[in-house]
2 protein chains.
Amino acid sequence: MPMRLQTESGPFRRLRLDKRAPTPAYAQIADAVGGLLRSGALPPGYPLPPERVLCDQFGVSRMTLRQAMGILEREGLILSHRGKGTFVAHDRLKKQQQELRGFTEEILARGGKPESRLLSFRQVAPPAAAREFFAMAQGENLYEIRRIRLSGGVPLTLETVQLCERLCPRLEQFDLEKNSLYRILERSYGLRLGSCVEEISAELPAAEHRRHLDLPRGVAILTIHRNTYTDSGLPLELTKSAYRGDLYSAIVHSVRRQRTGGK
Amino acid sequence: MPMRLQTESGPFRRLRLDKRAPTPAYAQIADAVGGLLRSGALPPGYPLPPERVLCDQFGVSRMTLRQAMGILEREGLILSHRGKGTFVAHDRLKKQQQELRGFTEEILARGGKPESRLLSFRQVAPPAAAREFFAMAQGENLYEIRRIRLSGGVPLTLETVQLCERLCPRLEQFDLEKNSLYRILERSYGLRLGSCVEEISAELPAAEHRRHLDLPRGVAILTIHRNTYTDSGLPLELTKSAYRGDLYSAIVHSVRRQRTGGK
DNA sequence: CTAGATCATTGGTCTAGACATTTGGCGCCC
DNA sequence: GGGCGCCAAATGTCTAGACCAATGATCTAG
């Protein structure tokens with residue numbers, strides 16, 4: 001007897017697709033299947049229905065379905081093997097792209113309760129480093145924001161942000177103790193954050209750190225310099241953060257460079 | 001007069017494709033175009049020929065060409081806009097995936113001259129943390145390698161690596177002062193590195209650090225705990241590194257999570 | 001009982017089209 | 001001169017197939 005054709009899609013049976021929606025079919029499929037996988041309802045190694053079966057179910061052609069599967073595979077949610085099938089990947093395989101987050105988002109993601117205390121908000125003449133980074137013309141101004149950032153009421157970092165006034169004029173109208181700066185930039189100025197480069201280093205505490213961070217003895221400072229760009233590559237923000245070394249550490253996900261691979 | 005159809009592919013004119021080669025057409029195209037872009041010969045914003053022109057030139061269908069373009073777009077080498085065209089992206093836009101590297105590779109990439117001094121190479125009973133990470137059975141052993149790692153003759157970090165003997169038996173036959181551990185794992189054991197998670201923190205120097213790292217006064221320690229996995233998600237290596245804070249900092253690239261997007 | 005051939009099933013690649021949507025230049029009309 | 005609409009060109013999405021290559025179950029010959 002030939003190998004039985006798999007027709008029972010099991011947990012995938014109920015997934016559907018709205019052909020009238022403006023979102024493309026492949027995105028809907030990737031969202032639907034991806035959501036099911038991320039829910040953790042299926043154990044690693046659990047087989048997905050064959051592509052041709054899913055095509056029937058969603059009512060799309062195979063190329064469209066494979067566009068969705070490609071997204072899921074790049075995210076590390078599934079693993080495909082020619083001749084065998086496609087399977088739910090192990091959790092550890094999830095390709096965690098290093099994610100750009102502001103302090104507020106980062107602390108929320110870690111289960112903390114972010115707060116801010118504004119130390120100063122000034123317009124300053126740009127130092128050379130900032131002038132070069134932002135490609136500033138003569139006479140352009142820089143916003144400089146200094147804040148203590150807390151989690152659960154404990155001072156965690158002393159942060160200095162520099163922003164080019166050209167990109168976010170009248171920034172002073174916002175309350176930077178109550179609002180996430182990144183949210184303001186995205187929502188109110190339509191600046192879509194794109195990427196950043198951080199340099200993470202270790203230092204001994206200086207007087208300034210002791211003054212603001214309530215440092216116990218025997219604690220070092222984790223310093224992060226961040227250069228942020230918009231999604232179109234425009235220099236957006238320059239940040240220096242001094243974290244309490246005993247309360248904060250940076251988590252970094254890396255992947256091995258591989259062959260350019262399929263999908 | 002209608003808008004002139006672009007037929008001059010300019011710098012792209014000479015790119016060709018070997019239909020008999022075993023590598024898929026889309027990979028060849030991505031390599032060829034990607035190589036031209038990475039060479040820096042074209043300025044940011046320079047327009048690529050329309051997809052249909054490239055299809056003709058390479059002799060492939062549009063879906064195949066778009067598979068190649070999708071790779072380049074995900075790498076951040078090009079930017080596409082519906083209705084306008086496809087353009088060379090700005091350098092800053094290149095999606096630098098955080099890359100997993102061993103010390104040797106990292107120092108070479110930074111233009112240094114990596115060396116190692118072996119402090120100890122032992123088989124030890126696994127501590128609880130390692131037993132859990134490697135999912136070790138009773139009686140299994142752990143390799144523990146302690147090395148001073150230098151760049152240009154200067155001690156840079158004190159590194160302790162733990163490896164599960166099951167995955168790389170008879171590791172003691174290799175000279176770990178002369179060979180990159182990652183190279184050994186890949187070449188001699190066929191273990192393909194996949195990804196890692198690092199926790200980066202700051203500490204004050206301990207006696208051990210002073211003893212081995214030749215520390216000047218006023219220097220903190222940058223500590224990196226690394227959990228490494230193979231490309232199939234198998235736990236491979238557990239490393240703790242203590243870097244001289246004045247000589248080393250970690251560079252991290254991050255990108256903003258976006259809509260699942262096309263291609 | 002085993003080694004090898006067969007073959008259906010699977011994902012990987014590719015084609016030759018189609019229609020949709022966005023953009024921007026051009027010409028027309030006021 | 002200044003809008004406004006048309007339309008060609010461009011990318012985005014999708015189809016309904018095709019063939020290839022790897023896998024592994026089954027069948028068959030020894």
Side-chain angles (χ1 to χ4, degrees), chain A residues 1-9 17-31 33 47-56 58-74 78-89 259-263, chain B residues 1-9 12 17-31 33 46-56 58-74 78-89 259-263:
Chain A
M1 190 179 73
M3 200 188 299
R4 194 171 59 86
L5 202 155
Q6 179 177 356
T7 54
E8 296 295 332
S9 317
L17 157 69
D18 178 7
K19 288 247 174 184
R20 300 158 320 180
T23 31
Y26 73 87
Q28 290 187 51
I29 296 174
D31 285 351
V33 178
L48 270 69
E51 293 179 352
R52 289 160 176 93
V53 172
L54 287 177
C55 289
D56 280 356
F58 286 116
V60 299
S61 79
R62 203 160 148 239
M63 292 256 60
T64 301
L65 183 97
R66 281 179 59 76
Q67 211 173 343
M69 303 301 270
I71 292 174
L72 299 177
E73 178 149 30
R74 283 194 297 275
I78 60 174
L79 275 181
S80 291
H81 301 284
R82 185 191 326 205
K84 292 173 70 174
T86 302
F87 306 88
V88 178
R259 285 252 339 101
T260 39
K263 300 228 177 142
Chain B
M1 191 180 72
M3 200 186 299
R4 194 171 59 85
L5 203 154
Q6 178 177 358
T7 54
E8 293 297 331
S9 318
F12 298 87
L17 158 68
D18 178 7
K19 288 248 176 188
R20 298 160 320 182
T23 32
Y26 74 87
Q28 290 187 53
I29 296 174
D31 285 351
V33 178
Y46 188 93
L48 271 70
E51 293 179 351
R52 285 164 174 91
V53 173
L54 287 177
C55 288
D56 280 357
F58 286 115
V60 299
S61 79
R62 204 162 147 241
M63 292 256 57
T64 301
L65 183 97
R66 281 179 59 75
Q67 210 173 344
M69 302 302 268
I71 292 174
L72 299 176
E73 177 149 29
R74 283 193 298 275
I78 61 175
L79 275 181
S80 291
H81 301 284
R82 181 187 334 203
K84 292 172 68 173
T86 302
F87 307 88
V88 177
R259 285 254 339 97
T260 38
K263 304 230 176 135

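A note on names: the letters A, B, ... follow the listed sequences, proteins ahead of strands, and every chain is numbered from 1.
Protein atom CG of A:L54 is 17 Å distant from nucleotide atom P of C:dT9, rounded to whole Å. The nearest whole Å value for the distance from the CE atom in A:M69 to the C1' atom in C:dT13 is 16 Å. For the pair A:E51 CD and D:dA16 P, the interatomic distance rounds to 17 Å; values are reported in whole Å. Atom-to-atom, CD1 of A:I78 to P of C:dT10 comes out at 15 Å; the value is rounded to the nearest Å. Between the CD1 atom of A:I71 and the C1' atom of D:dG12 there is a distance of 13 Å, rounded to whole Å. As a whole-Å value, the separation of A:I29 CD1 from D:dT15 C1' is 13 Å. Following rounding to the nearest Å, A:F87 (CZ) and D:dT23 (C1') show an atom-to-atom distance of 10 Å. In this entry the distance linking CZ of A:R66 with C1' of C:dC14 reads 11 Å, nearest Å.
In this model, the phosphate group of C:dT13 is approached by a side-chain N or O of B:Y26 to a distance below 4.0 Å at OP1 or OP2. For D:dC14, neither phosphate oxygen OP1 nor OP2 lies less than 4.0 angstrom from any side-chain nitrogen or oxygen of A:T64. Within the 4.0 Å cut-off from OP1 or OP2 of C:dT10, not a single side-chain nitrogen or oxygen of A:T86 is found. Between A:K19 and the phosphate of D:dT13, there is no side-chain N or O to OP1/OP2 separation shorter than 4.0 Å.
Taking both residues in full, the closest heavy atoms of B:T64 and B:A25 are given as CG2-CB, 4.1 Å, listed atom of the first, atom of the second, then distance. Counting all heavy atoms, side chain and backbone alike, A:K19 lies closest to A:F58 at CE-O, 4.1 Å. Across all non-hydrogen atoms, the minimal contact from B:I78 to B:M69 is CD1-O, 3.6 Å. What you find for A:A30 and A:A68 is that their closest heavy atoms are N-CB, 3.8 Å. Here the closest heavy-atom approach between residue B:F87 and residue B:P47 is recorded as CD2-CA, 3.6 Å. Shown here for B:C55 and B:L65, the closest heavy-atom pair between the two residues is SG-CB, 3.8 Å.
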Between the protein and nucleotides 19-22 of chain C, list the N/O to N/O atom pairs that are separated by less than 3.5 angstrom.
| residue | atom | partner | partner atom | Å |
| --- | --- | --- | --- | --- |
| C:dT21 | O4' | B:R82 | NH1 | 2.9 |

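Listed candidates were C:dG11, D:dG12, D:dC14. Nearest to the side chain of A:S80 is C:dG11. Looking at the side chain of A:P50, the nearest of the listed nucleotides D:dC14, C:dT10, C:dT15 is C:dT10.
A:L79 contributes atom CG, which lies 5.0 Å from atom NE2 of A:H81 (distance to the nearest 0.5 angstrom). Between A:R66 atom CZ and B:Q67 atom CD the span is 7.5 Å, to the nearest 0.5 Å. Considering OG1 of B:T23 and CG of B:D31, their distance stands at 7.5 Å, rounded to 0.5 Å.
Summary of the strand contacts: A:G85 and A:M63 both lie near DNA chain C, and taking for each the nucleotide with the nearest heavy atom, the more 5' one is attributed to A:G85. Each of B:H81 and A:L65 lies near DNA chain D, and the nucleotide nearest B:H81 is the one positioned closer to the 5' end.
Among residues two or more places apart in sequence or in another chain, the side chain to side chain donor-acceptor pair (under 3.5 Å) test is passed with A:R62 by A:E51.
Across the helix from C:dC1-D:dG30 to C:dC30-D:dG1, the helix axis at one end is tilted relative to the axis at the other end by 10° (nearest 10 degrees, each axis from five pairs).
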